[in-house]
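Some notes on the structure that comes next.
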Amino acid sequence: MTLGTWRDLVYLLAAIGFILALKGLSSPRHARRGNLLGAAAALVAIGFTFSDPALRSSSRNLVLAVVAMVVGTAIAVPAARKVKMTAMPQMVAIFNGVGGGAAALVAMTVFLIDVPGKPAVYRIGEVIFGVLVGCMSLAGSAIAFAKLQELMTGRPITYPAQQVINALVGLAILGLALATLVTGSTPLLVVMAVLSLVLGVIFVLPIGGADVPVLISLLNSFTGLAVAASGFTLNSNLLIIAGTLVGASGMLLTRMMSKAMGRSLPNILFSAFGSVVTAAGGADGSGADARPVKAGTPEDVGVLLAYATKVAIVPGYGLAVAQAQHTARELADALAERGVEVYYAIHPVAGRMPGHMNVLLAEANVPYDQLKEMDDANPEMSTTDVALVVGANDTVNPAANNTPGSPIYGMPIVHADQAHQVIFLKRSMRPGFAGIDNELLYDPKTTMLFGDAKDTLTKLLAAVGSA
Amino acid sequence: MSTGIVAFLTVFVLAIFVGNEVVSKVPSILHTPLMSGSNAIHGIVLVGTMLVLGNAHGTAQVTLGFFAVLLASLNVVGGFVVTDRMLDMFKAKPAERTAKDGGKGGGSTGGKGGGSTGTPEDGGTPGTGAAS
């Protein structure tokens, strides 16, 4: 067998590795092994690629490839290891974006290499698809990163005639794509690439911060498709399989995520276009903030908790930002020692992405049996004495059930409102990520504890200790 | 030539079905790691970028190819390391916790030990291999 055949066989093994990796990642028991298997498959495939004759024939390009990989690794490893667990979603967005960028560059370069040879129309088509989707994914991920990192507002950004403008950009890209297809002109392709970047940006702008994780999943799937397109361009089954796997599974995952939020995907992607009015209505609601709220002291609440029978901790992103998951666990431990039954009620999209909160609490070594998914926690709420809402807001907002005009209407929520007493640990009265007011804050059975979640929890811990 | 593209289309279509099949049932706690893990998998575009750089001639092509390799290695290395860190937290049942809980999860202590020794390595391996 020739070296090329061996290489193809290794690529086949790598493809199998990726399939098994994805399969492993979808079950809690095998997730980690799945990821390691995927990494091993990638490593072997990359290693064998060095035997490619074209790469070996040009020692300069070989050196450049190694340099690029060393630099990439030197940046990626520290970034990935040091990033805070709370900033994980942005990190995934960035890694996804650069992947899309790489796929677009592959398509571009292949085009430059092929152009003198008058490539077949379908070959140009593959290039165009790769450039379009890769660029959209790159630019969209960059904006998603900026939104989550709070470099820009997390609110949906809307402007007049948004749909018309987006449609025009889309049409312009389509026109340029057709023109490139016919003429094989490099400048046209470059203009199309730039417009694709623009489309990626304007596609993401109107999507609200709370929905960005679903968007990242969608962009992840896009990058997968762009990589599959590179596979067609380079006649590589490995890239076609890996890219398509991610494209197809990412699409399904995106649908599952939006389902967990009680929304449909089109609703998440396009709802802001028509909802300028609703957003304005929400702003009016927060204008009427003169309504009284009950603010308590940690000492009072500490006593309340210490003598409760059953306490639910409802964590949200605020807990993560304050890095309070460890203090929350200490409080839960202290309560449990006093014989109080404690459980965590986890909303599927608590934190910033589905499953994010479970990751954070696992980091703080919260025992599994105390973690209750929303559907298991809700039936217990009516027999719960105190619901301690730590830095969550939208995920306990009753408006999702009873205000049909609300942007979050239809989203399943943790029914903290059914507990006998509700304690909110919150920095201020400011609305949550979705930017809407929460009736529960004004409920007579609600007590507010203002301040940083970690400080307040520490004080609560002390109060419980001395109660 | 056209039989070539049909063969690739066949692979493509079958991969769509496989992709849908393998993630058909994912508990919501694994949505984030799965997204991150599949993000790492499409980082295999690195193989494609290497082939392209290998065939590149002239400044424009070589520059584009170089950056393609750079971006793709960020994707593949960062993707797997981030995912591993996430999953590490699901597994983690440190000894102090186990001791406090009195025997609970005693079996997982060994697993954790093996897991954490693995971590630095799998972070480095894609890079080490790439550099060799």
Side-chain angles (χ1 to χ4, degrees), chain A residues 18 22-23 25-26 31-32 35 38-39 42-43 45 47 49 54-55 61 64-65 68-70 72-73 76-77 80 91-92 95-96 98-99 101-103 105-106 109 112 217 220 223-224 227 230 234 237 239-242 244-246 248-249 252 260 348 353-356 358-359 362-363 365, chain B residues 8 11-12 15-16 19-20 22-23 26 28-29 31-39 41-55 61 64-66 68-84 86-87 89-90 97 122-123 125-127 129-131:
Chain A
F18 290 149
L22 273 186
K23 190 147 188 66
L25 277 164
S26 23
R32 185 141 190 220
N35 186 53
L43 180 63
T49 306
L55 194 59
N61 289 4
L64 281 176
M69 280 187 230
V70 170
T73 307
V77 171
M91 203 74 223
V92 175
F95 288 140
N96 175 56
V98 294
L105 286 177
V106 165
T109 319
L112 290 182
S217 172
N220 185 38
T223 305
V227 171
S230 322
L234 297 168
N237 270 326
L239 293 200
I240 295 178
I241 295 172
T244 311
L245 273 181
V246 176
S249 65
L252 188 62
M353 14 167 53
H356 195 194
N358 304 68
V359 175
E363 185 195 11
N365 307 319
Chain B
F8 291 126
V11 172
F12 172 71
I16 292 178
N20 269 307
V22 286
V23 301
V26 188
S28 68
I29 57 163
H31 283 173
T32 300
L34 178 65
M35 185 212 289
S36 181
S38 60
N39 173 45
I41 288 176
H42 68 50
I44 197 62
V45 70
L46 178 56
V47 165
T49 62
M50 288 166 70
L51 296 177
V52 162
L53 183 55
N55 285 295
Q61 293 173 13
L64 288 180
F66 176 81
V69 175
L70 178 60
L71 293 183
S73 38
L74 279 172
N75 185 182
V76 72
V77 177
F80 280 118
V81 175
V82 158
T83 312
D84 190 65
M86 269 182 210
L87 294 170
M89 292 181 171
F90 280 92
R97 178 89 209 150
D122 58 67
T125 30

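Bear in mind that the values here come from a model prediction, so they are computed numbers and not experimental data. So you know, we letter chains A, B, ... as the sequences are listed, proteins then strands, and number each from 1.
Counting heavy atoms from C-beta outward, B:Ser38 and A:Asn220 have side chains that approach closer than 4.5 Å. A heavy-atom distance below 4.5 Å is not found between the side chains of B:Val45 and A:Thr223.
The candidate from A:Ala248, A:Ala65, A:Ala242, A:Ser26 with the greatest count of non-hydrogen atom pairs under 4.5 Å with chain B is A:Ser26. Of the listed residues (B:Val23, B:Val69, B:Asn39, B:Val22), the one with the most heavy-atom contacts under 4.5 Å to chain A is B:Asn39.
Atom CG of A:Asn35 sits about 7.5 Å away from atom OG of B:Ser36, to the nearest 0.5 Å. Atom CD1 of B:Ile44 and atom CG of A:Leu43 lie 9.0 Å apart (nearest 0.5 Å). Distance check, rounded to the nearest 0.5 Å: OG1 of A:Thr109 to CZ of B:Phe66 gives 13.0 Å. Atom CE of residue B:Met50 and atom CG of residue A:Leu55 lie 5.5 Å apart, to the nearest 0.5 angstrom. Atom CE of A:Met69 and atom CG of B:Leu70 lie 10.5 Å apart (nearest 0.5 Å). Atoms OG1 and CD1, from A:Thr244 and B:Ile16 in turn, are 6.5 Å apart once rounded to the nearest 0.5 Å.
Counting all heavy atoms, side chain and backbone alike, B:Val82 lies closest to A:Ala80 at CG2-CB, 3.4 Å. In this structure, B:Val76 and A:Ala42 approach most closely via the heavy-atom pair CG2-CB, 4.2 Å. A pairwise comparison of heavy atoms in A:Gly99 and B:Asn75 identifies CA-OD1, 3.0 Å as the closest pair. The two residues B:Ser73 and A:Gly72 make their nearest non-hydrogen contact at OG-CA, 3.8 Å. Contact detail for A:Leu252 and B:Asn20: the closest heavy-atom pair is CD2-O, 3.4 Å. Nearest heavy-atom pair across B:Phe8 and A:Asn237 is CD2-OD1, 3.3 Å.
For a residue to count as touching a neighbouring chain, one of its non-hydrogen atoms must lie under 4.5 Å from one of that chain's; by this rule A:Ser230 touches chain B with the side chain only. For A:Leu22, the parts lying under 4.5 angstrom from a heavy atom of chain B are both the backbone and the side chain.
For A:Ser217 (side chain) and B:Met35 (main-chain N/O), no donor-acceptor pair under 3.5 Å exists by modelled atom type.
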Applying side chain to side chain contact (heavy atoms under 4.5 Å, CB included), run through A:Leu234 and B:Val52 and close with a yes or a no.
CA-CA 8 Å; A:Leu234 297 168; B:Val52 162; 3.6 Å; yes
